[in-house]
Amino acid sequence: MGYENIKFPAGSKFLVTGSAGFIGSNLVEAILKLGYKVRGLDNLSTGKKENVEEFLDNPNYEFLEGDIRDLETCMKACEGIDFVLNQAAWGSVPRSIEMPLFYEKVNINGTLNMMEAARQNGVKKFVYASSSSVYGDEPNLPKKEGIEGNLLSPYALTKRVNEEYGKLYTMHYGLDTYGLRYFNVFGRRQNPEGAYAAVIPKFIKQLLKGESPTINGDGKQSRDFTYIENVIEANLKACKASHEVAGHAFNIAYGGREYLIDIYNHLCDALGKDIKPIFGPKRTGDIKHSNADISKAKEMIGYDPAFNFADGLSEAISWYKKNLSIK
Ligand code: NAD
C-alpha cells in the first residue's frame with residue numbers, strides 16, 4: 001500500500017508537466033521527498049507559483065516556465081529525463097463546451113508534443129493524466145476500461161484522443177505510455193476559486209466564509225472521489241510498470257461512491273457550520289453517477305490505494321483550515 005517504499009535507480013530524473021497545478025505540485029513534493037530529481041514545466045495559466053515556491057530551494061528541483069503547445073519547449077523539458085508525468089491540461093467539462101478550439105490546442109496538441117518530445121529524448125516511461133470523463137454517457141456501474149459510452153464534452157474527447165495517441169506511441173515507437181483515468185481527485189492545494197473550481201475545496205472555502213454554496217442539481221449525484229495520495233501512488237507505480245502493460249489506460253479512484261449532498265452535510269458538521277445550500281440547475285455534460293472498477297490498475301500496475309474517502313477528506317479539511325486565507 002502507498003508509495004513510500006517505491007525505489008527508482010539513484011539519480012532518476014522526473015519531469016512533471018502542470019507542476020504548478022493541484023496534482024502536479026503534489027507529485028513534485030512526493031518525488032522530492034523520495035529523494036529524486038524533478039523538473040517542473042508549467043505556463044502558470046491555471047496553476048500558481050505559490051504551489052511550488054517552497055521547493056525552489058531544493059537542489060533536486062528545477063522549474064521551467066513554458067507551454068506544452070510549443071514543441072521546442074517540450075523537447076528542452078524532456079532532456080535528460082527518465083520519467084514523464086504529464087499533468088498539464090485545461091480541466092473542466094463546462095469550460096471545454098464554451099471553448100473547444102482552445103482545449104484541442106492545449107490538451108490534444110500539447111500532450112502530443114509531450115509524447116513526441118519524450119520519444120525523441122529516449123524517456124523510459126510516459127505517464128499521463130486521462131479522466132473518468134472518457135466514459136461519457138455509459139450508464140453501467142462500476143465503470144470498467146473497455147466499456148465506454150458516447151462522449152459528452154470536448155474535454156472528454158481530448159482525453160480519449162490522448163489515450164489513442166498513447167496506444168500508438170507504444171505500438172509504433174516503443175514509448176511506454178500509461179494513461180491514468182482519474183476520478184474526481186481532491187486534496188491539499190486544489191484551487192477553491194472560480195466558476196470552474198472542484199466542489200470539495202469550493203464548498204470548504206464558502207462554508208468557512210459563511211457563504212451558501214450552490215449545488216448543481218439535486219445533490220443526489222454521486223462520484224468516486226479520490227484522495228490525492230492515491231493519485232501520487234498510481235503515477236509512481238505506473239513508472240515502475242512493465243513494458244507488457246504499456247499502451248493501456250487505467251481507472252484511478254478509490255472504488256467507492258459518495259453522494260454530493262452527503263459530502264455537503266459532512267463538511268458542515270466538520271466545519272461546525274449550519275448553512276443551507278442553494279440548489280442550482282444541473283450542469284450540461286454531467287452524468288448522474290460515477291464509480292470505478294479499479295481491478296485493472298490493481299492487477300497490471302500494482303495500484304493499491306491507501307486512502308479511503310473519509311480518511312482523505314479529513315486530511316483535506318485539516319489542510320484547508322490551516323492554509324486557506326479567508327478574505
Ligand atoms: P490544475 O489546473 O490544477 O493543473 C493543471 C496545470 O497545467 C496548471 O498548473 C496549469 O497552469 C498547467 N497548464 C495548463 N495549460 C498548460 C500549457 N499549455 N503548458 C504548460 N502548462 C499548462 O489541474 P489538476 O486538477 O491538477 O489536473 C491535472 C491533470 O489531471 C489534468 O490533465 C486534468 O485534466 C487531469 N484530471 C484531473 C482531475 C481532478 O479531479 N483534478 C480529474 C480527472 C483528470
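Counting begins at 1 with the first residue of the sequence. First listed ligand is number 1; within each ligand, the first listed atom is number 1.
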Has ligand 1 got any nitrogen or oxygen that is less than 3.5 angstrom from a nitrogen or oxygen of N43?
yes
Has ligand 1 got any nitrogen or oxygen that is less than 3.5 angstrom from a nitrogen or oxygen of S131?
no
Aromatic ring proximity, centroids under 6.0 angstrom, Y227 and Y254:
no
Looking only at protein heavy atoms, identify the closest one to atom 18 (N) of ligand 1 and say how far it is in Å.
D67 OD1, 2.8 Å
Report yes if A129 has an N/O atom closer than 3.5 Å to an N/O atom of ligand 1; otherwise report no.
no
Is the side chain of E233 donor-acceptor paired with the backbone N or O of D304 at a distance under 3.5 Å, no angle test?
yes
Does ligand 1 have an atom under 4.0 Å from some heavy atom of S25?
no
among protein heavy atoms, the one nearest atom 34 (O) of ligand 1 is Y155 OH, 2.6 Å
Would you say the rings of F83 and F8 are close, in the sense that their centroids are separated by under 6.0 Å?
yes
Do any nitrogen or oxygen atoms of G21 come within less than 3.5 Å of a nitrogen or oxygen of ligand 1?
yes
Below the 3.5 angstrom mark, is there an N/O of S132, backbone or side chain, next to an N/O of ligand 1?
no
For ligand 1 and A88, I'd like to know whether there is a polar contact (N/O to N/O, distance under 3.5 Å).
no
Have a look at Y103 and tell me which of K159, R95, E98 forms a side-chain hydrogen bond (donor to acceptor under 3.5 Å, both in side chains) with it.
R95
For atom 40 (O) of ligand 1, find the nearest protein heavy atom and state the residue, atom name and distance (0.1 Å precision).
V185 N, 2.8 Å
Any N/O pair V106/ligand 1 closer than 3.5 Å:
no
Indicate whether atom 25 (O) of ligand 1 is within a distance of less than 4.0 angstrom of some protein heavy atom.
yes
If I apply the N/O under 3.5 Å rule, does G24 come out as touching ligand 1?
no
Determine which pairs satisfy ring pair (Phe, Tyr, Trp, His ring centres under 6.0 Å) with at least one residue from residues 110-149, sequence neighbours left out, and list them in order.
none
Would a distance-only check, ignoring hydrogens and angles, find a side-chain to backbone donor-acceptor pair under 3.5 Å from D293 to K143?
no
To check your reading of the model: name the closest protein heavy atom to atom 27 (O) of ligand 1, its residue, and the distance in Å.
I23 CD1, 3.9 Å
Taking N or O atoms only and a 3.5 Å limit, does K48 qualify as a polar contact for ligand 1?
no
Between S19 and ligand 1, does any nitrogen or oxygen pair lie at a separation below 3.5 Å?
no
